[in-house]
Structures are given as structure tokens and as C-alpha cells.
Amino acid sequence: LRIEDTDRERSTDEATQVILDGMKWLGLNEDEGPFYQTKRMDRYKEVIQQFLREGKAYRCYCTKEELDEMRAKQMAAKLKPRYDGTWRNRTDVREGVEPVIRFKNPVDGVVVVDDVIHGKVVFENSELDDLIIARSDGTPTYNFCVVVDDWDMNITHVVRGDDHLNNTPRQINMLMALGATPPVYAHVPMILGADGAKLSKRHGAVSVLQYQEEGYLPEALLNYLVRLGWSHGDQEVFTMEEMIKLFDINDVNKSASAFNADKLSWLNQQHIMKAPASVLANVLREQFAMLGVQIEDQQKLEAIANVQRERAKTLKEMAQNSLYFVKDFDAYDDKAAKKNLVAEAKPALAALESALQSLAEWSAPAIHNVINDVATQLNVGMGKVAQPLRVAACGGAVSPPIDATVAVIGKERTLQRLQKAQLYIDGRH
RNA sequence: GCUCCCAUCGUCUAGUGGCCUAGGACACAGCCCUCUCAAGGCUGGUACACGAGUUCGAAUCUCGUUGGGAGCGCCA
């Protein structure tokens with residue numbers, strides 16, 4: 001893991017920490033490093049001196065203003081803005097200007113990037129200019145640092161967004177100047193926003209940790225991402241192990257893809273359905289905490305996860321829809337109460353209360369029998385008993401199967417809520 | 001503007017000259033299941049950007065057009 005932090009203004013400790021935390025959450029663990037470029041300054045300066053000595057780089061005394069003007073003129077003339085090489089062959093100095101150092105790019109011939117994904121891409125050296133490898137304050141720049149690092153660290157494969165494809169010929173030229181063999185390059189297609197435009201903050205191009213907060217599972221995010229530009233037959237859902245085993249960079253396609261939040265949600269649900277209850281319980285605990293409810297009972301959390309796992313797109317949503325399991329609700333859902341907590345439902349609620357009161361074994365199957373018995377006794381359909389019970393127990397008309405739901409809510413709480421519902425009905429009529 | 005990249009349903013993709021009146025998935029609609037909501041099952045609509053060529057035959061090969069993206073920083 002390499003942290004490319006040569007720009008001191010942008011690369012704050014917080015920004016770096018977000019990267020580290022994000023990698024950790026995703027389970028993308030480094031086997032070496034992290035290496036910080038800011039700690040390798042001496043090495044970069046050494047190579048710059050070497051380039052200078054060998055005539056592979058030179059000092060350029062143009063000021064920023066002069067460069068801006070040059071670019072503006074070229075743009076006006078409909079040319080590609082590029083450095084014109086003013087100082088390439090000069091050895092004199094200019095007083096009062098701290099020079100930058102530029103790499104002497106070859107002027108003719110071509111550079112071929114043999115890319116795993118794009119195939120051979122040919123660049124004319126005449127299209128490339130002499131890029132700055134050290135700023136006037138002496139600090140090295142990104143395109144130079146990565147070249148030195150890739151060489152020093154024996155990097156074999158560079159996999160990155162294809163927005164870097166245009167940088168690659170320059171990097172190869174510097175690698176050649178160093179006498180190094182370029183690594184294998186694979187420029188993967190970019191991910192665009194849902195509207196097909198460039199991904200920006202407005203589209204949710206946020207830290208991966210935001211997905212953690214929203215209640216996504218890391219394997220779901222990875223699963224979504226791995227299927228962008230890559231597929232394996234008709235398979236959509238992959239475990240971490242399958243992704244590792246099946247993914248092959250050689251099978252990645254070339255075209256950019258648009259971010260689809262719906263599919264991410266669906267995949268998250270698929271992974272929630274398959275995840276171990278203990279894992280879900282841990283995330284649920286955090287999600288409940290964010291909603292202001294502290295709950296430490298691991299068994300209860302796992303029970304909630306197990307009854308809810310099929311009906312939540314995210315763990316955040318699961319927590320929001322599971323509050324009645326962990327704390328009492330203040331009011332009934334208006335529509336649900338109007339429909340179900342009515343006089344004709346009272347006998348069912350009363351019968352349920354007494355039958356559940358004397359129920360020896362508090363389990364979903366046992367509760368299921370009670371509900372069935374009450375329905376039979378009163379000679380009504382299952383729904384006439386289950387729905388009032390649901391609203392009484394949960395406060396609303398939506399929940400997992402009512403027998404399992406009541407089992408998780410617990411005996412004491414259920415009986416209290418059954419009484420409360422009957423009082424509510426009395427109050428209305 | 002210049003250089004580079006890309007182009008199959010709304011979206012992610014299968015497809016490497018005949019198996020394609022184009023397959024799967026998300027989303028959408030309907031039905032089934034059903035104590036609600038889901039999950040699951042079934043059914044349905046929607047795509048080879050356009051134009052030339054090569055070929056007995058093209059989504060697949062070639063060229064052009066159009067459209068989209070990236071790069072052109074003393075940013076990374």
C-alpha cells in the first residue's frame with residue numbers, strides 16, 4: 001500500500017486516514033507498507049540529481065506567469081498547450097527565479113503502451129512535452145515519484161483508472177531513462193455517475209466509509225464494483241472467496257460504466273440474506289446506536305437480524321424498521337390502527353392475550369399454534385387475528401411473520417402491548 | 001482546440017462471422033405464493049448509435065460519421 005501524498009496541501013492526515021480506514025473496512029489488506037512518499041524525499045532528490053548529471057533533466061527558469069501566457073497563446077491558436085522547451089538546451093541561469101526541473105522527453109519516435117485491457121496504444125513523442133519533475137521549492141511531483149517507486153518497489157502490475165492512460169507514455173520514458181523495465185499496465189474503465197457524466201461529489205463520489213454508515217456490507221460493495229466491466233457467466237452474487245478466485249484482469253472490458261444505486265441495494269440485500277447472524281448483529285448494534293438506542297444483547301440482535309434479513313436493503317433500514325423490537329413505540333401508525341384496532345378485533349386480542357399468557361414455551365411455532373387456535377375458535381380467517389396482533393405488537397402494519405416477530409419481541413412486552421391495544425380500542429369507541 | 005480512449009435493453013453485462021426473430025441481472029408491470037412486508041417462482045415490454053464496405057452470411061471484421069469520456073498543471 002502506497003500513499004501518494006507529495007502534495008502537502010491536499011494530503012492531510014485526515015485524508016490519509018480515510019483511505020486507510022476504507023481499505024480496512026473493505027478487507028483490502030496490504031501485504032507491504034503503507035509506504036508514504038513524503039518519507040522518501042531523499043531518494044527522489046537523489047534520482048533527480050542523477051538525471052541532471054546525466055543530462056536527462058534540466059533546469060527551467062520560466063515563471064508560472066510566463067507558462068500561463070504561453071498556454072493561453074497556444075490555446076488561442078488552437079494548438080495543444082505544451083511547454084515549448086525554451087530552457088531545454090540552455091545552461092545559463094536566470095537571477096531572481098527559482099528554477100523547476102524538467103525531464104528531457106525524447107523528441108521523436110513513439111512510445112507504445114502495451115495495455116492489458118486496451119491493447120497496444122501508440123503515442124508520438126512529439127505530442128509529449130518536458131514535464132516538471134521537481135517544483136521550484138525542490139519537491140518532486142507525482143508522475144516522477146511513482147516512476148521511482150514502481151522501480152524501487154519492483155512493481156509488476158499497475159492497475160488504475162484509464163484517466164491515467166495519457167500519463168503512461170511519459171512514465172515509460174522516465175522508466176527507460178532509469179534503465180528500468182516498465183511494469184504491466186492495465187487501465188480499467190472509469191465509473192461514471194448515474195447520469196453518465198463524470199462522477200462527482202453530487203453523485204455520491206464519497207468516501208467508502210459512507211457506505212458503511214449507510215449500512216452496506218463490504219462484500220456487497222465489492223461485489224457491485226467487481227461486476228462493473230467484468231462478468232462471469234450469468235453470476236451476479238459473489239462471495240469474497242469467489243471474487244478472488246474468479247476475477248481475472250484479462251477479462252475486464254474497455255467501456256466506462258454508470259453507477260447504479262439500485263443494483264448496489266439489491267446486491268446488499270442478497271449479501272445480507274447470506275451473512276452470518278453474528279456479523280449482522282454487530283453492524284445492527286452500531287446502527288441502533290446511531291438511532292439513539294443502546295442494545296448489547298447479542299442473542300436478541302441476532303434474532304432480529306434473522307427475522308429481518310430478507311426485508312432490508314441496508315442494515316440502516318433494518319435498524320429503522322426494527323425499533324419496536326428494542327423499545328416501546330409512542331403511537332400507532334394511523335392507517336394501520338384505523339383498519340385493525342377496531343371493536344371487532346377486540347375479541348381476538350383478548351383471546352390472544354389470555355392464550356399467550358399461559359403459553360409455556362415462548363417460541364415461534366408455539367405462538368403460531370396459538371394464533372391458529374384463536375382464529376379457529378372465533379371462526380375467522382388467519383388475517384383477522386394476525387393483523388390486529390401485528391399492529392398491537394409492532395405499532396404498524398408491516399413486520400416479519402407475526403409468530404416470529406412476537407417471539408423476538410418477548411412475552412412480557414407482547415402482553416403489555418396487547419393490553420394497551422385493547423385500551424386503545426375502548427378509548428375510541 | 002489538440003492527443004488518446006470508448007460505443008449491445010434506462011443501467012450492469014453475455015456475445016469474438018452462422019447456435020441471435022440477441023441471453024442473464026437490476027429497475028418497471030402483471031400473476032402465483034401469502035397473516036402484512038419481503039424473499040422466492042412465473043410472465044411481459046425495452047437494445048446491437050448511424051452510414052458505407054468485406055463476406056454466401058455481421059452485434060461480431062474495416063473505414064467514416066455521430067455521441068460520450070479522459071488528458072493537455074510548479075494536482076494526484
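Because the structure is a prediction, the values reported are computed rather than measured. Just the heavy atoms: all of them, side chains too, but no hydrogens, waters or symmetry mates, feed the values below. Numbered from 1 within each chain, the chains take letters A, B, ... in sequence-line order.
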When we call it a touch if two heavy atoms are under 4.0 Å apart, what does A:S136 touch: a base, just sugar-phosphate, or nothing?
base

Touch check for A:N167, heavy atoms < 4.0 angstrom, all strands: base, sugar-phosphate only, or nothing?
base

Answer with yes or no whether A:Q74 presents, from its side chain, a donor or acceptor under 3.5 Å of a partner atom in the base of B:rG1.
no

Considering every strand and a 4.0 Å limit on heavy-atom distances, what is the contact class for A:M382: base, sugar-phosphate, or nothing?
base

Is the closest side-chain heavy-atom distance between A:Y44 and A:T139 below 4.5 Å?
no

Using a heavy-atom cut-off of 4.0 Å across all strands, would you classify A:P189 as base, sugar-phosphate, or nothing?
nothing

Sticking with atom P, work out how far B:rU54 lies from B:rC63, rounded to a whole angstrom.
15 Å

Quick one: does A:R311 reach the base of B:rC37 with a side-chain donor-acceptor pair under 3.5 Å?
yes

Quiz item: A:T141 side-chain donor-acceptor pair to B:rC74 base, under 3.5 Å:
no

B:rG44 and B:rG64, which share atom name P, separated by this distance in whole Å
42 Å

Base, sugar-phosphate, or nothing for A:D262, non-hydrogen atoms under 4.0 angstrom?
sugar-phosphate

Classify A:P401 by what it touches in the nucleic acid, base, sugar-phosphate, or nothing, heavy-atom distance under 4.0 Å.
base

With heavy atoms under 4.0 Å as the rule, sort A:K313 into base, sugar-phosphate or nothing.
sugar-phosphate

Looking at every strand, decide which applies to A:R227 at a 4.0 Å heavy-atom threshold: base, sugar-phosphate, or nothing.
base

